[in-house]
Amino acid sequence: MSTPPGEYYTQERWQNWLGRIREEEVDPEDEDSARLLLNLQDDTAIAVAKIITDYDDGELDEETALQELTDIEEIVLPEVEIEDEEKAMLLDGVQRSLMCVLYAGQEYVAGGAADEGGVAEYVEAAADAEAEEDLDAALGYCVQAGTLIIDGDDLDMDLVEDLEFGFVAEWVNGLDSLQTALADPEVVEEEDDGSE
């Protein structure tokens, strides 16, 4: 069952998540807090996965799929005003992770999966580029890794754990959410009461 255009992800949905982040105590060391941020990230990744799946299944043409991805980008990537500095910093990290998810989706729809190399090679190239302070190249490599993940390649979690903390680690964290979403595109309930 495909989702009606414009309904993959909505401004209202994003605002509901932001409302929860503003209201709740957010401590990255606390499991529930960390889960709230991860759920926010996964929820968006699931919407991206659904668009890509509908595109692959022929239910969306290229132009519509790209527009849907752009619509999500315009909802989730603009700077958010949050007074609490730590919350703002944590949300910023989630948005950086989602940037890579969205760009990988757009690249895949517009140009398909990367022609050569594997996920690990691209992630390692991204880490090298970040070490040389070439963030544009680093993001480009992560996006290419993302197109391969969408195409069915696996992201090795050992690779993620070996990364130095930084932009590449956040982008790859987003790709991990995307990989999970593609494997199991179940909607994360906004009002998750914590019971599994």
- For A138 and E130, which heavy atoms make the closest approach, and how far apart are they? CB-N, 4.0 Å
- Message: Within the structure provided, determine whether L159 and L163 are in side-chain contact (heavy-atom separation under 4.5 Å).
- Response: no
- Heavy atoms of L148 and A114 approach each other most closely as CD2-O, 3.6 Å
- Hey, what's the ring geometry for Y122 with Y141, parallel, tilted or perpendicular (30° and 60° as the breaks)? tilted
- Item | Side chain to side chain, D71 and Y9, heavy atoms closer than 4.5 Å | no
- Can you check whether D156's main-chain N or O pairs, donor with acceptor, with D154's side chain at less than 3.5 Å? no
- Task: To the nearest 0.5 Å, tell me how far I21 CD1 sits from L91 CG.
- Result: 5.0 Å
- Query: What distance separates T70 OG1 from I75 CD1, expressed to the nearest 0.5 Å?
  - Reply: 11.0 Å
- Item | Gap between atom NZ of K50 and atom CG of D57 - 0.5 Å precision | 13.0 Å
- Task: Look at the side chain of Q95 and the backbone N and O of P78, then say whether any donor-acceptor pair between them is shorter than 3.5 Å.
- Result: yes
- Query: Looking only at heavy atoms, what is the nearest atom pair of Q106 and L69, with distance?
  - Reply: N-CD1, 3.7 Å
- May I ask you to decide if L155's main-chain N or O and Q179's side chain share a donor-acceptor pair within less than 3.5 Å? yes
- What heavy-atom pair brings L182 and A49 nearest, and what distance separates the two atoms? CD2-CB, 3.7 Å
- Item | Side-chain touch V119/L175, heavy atoms, less than 4.5 angstrom | no
- Please tell me if the side chains of L102 and L77 come closer than 4.5 Å, counting only heavy atoms from C-beta onward. yes
- Message: Quick check for you: to the nearest 0.5 Å, what is the distance between D176 atom CG and C100 atom SG?
- Response: 11.5 Å
- Message: Checking N16 against E12: is there a side-chain donor and acceptor pair closer than 3.5 Å?
- Response: no
- Is the number of heavy atoms from other residues, nucleotides or ligands within 6.0 Å of CD (E164) greater than 12? no
- Item | Spacing of CE belonging to M157 relative to CG belonging to D162, to within rounding of 0.5 Å | 10.5 Å
- Note on the structure: On a heavy-atom basis, the closest approach of R22 and Q15 is NH1-OE1, 4.4 Å
- Closest heavy-atom contact between E68 and Y8? OE1-CD1, 3.3 Å
- Query: Same cluster for L18 and M89 if Ile/Leu/Val/Met/Phe/Trp/Tyr side chains link at under 4.5 Å?
  - Reply: no
- Do T147 and Q144 come within less than 4.5 Å of each other through their side chains, counting heavy atoms only? yes
- Are the side chain of E161 and the backbone N or O of D158 linked by a donor-acceptor pair below 3.5 Å? no
- Task: Starting at CD1 of I46, measure out to CD1 of I51 and round the result to the nearest 0.5 Å.
- Result: 12.5 Å
- Item | L38: which of L40, L36, D42 passes side-chain contact (heavy atoms from CB on, under 4.5 Å) | D42
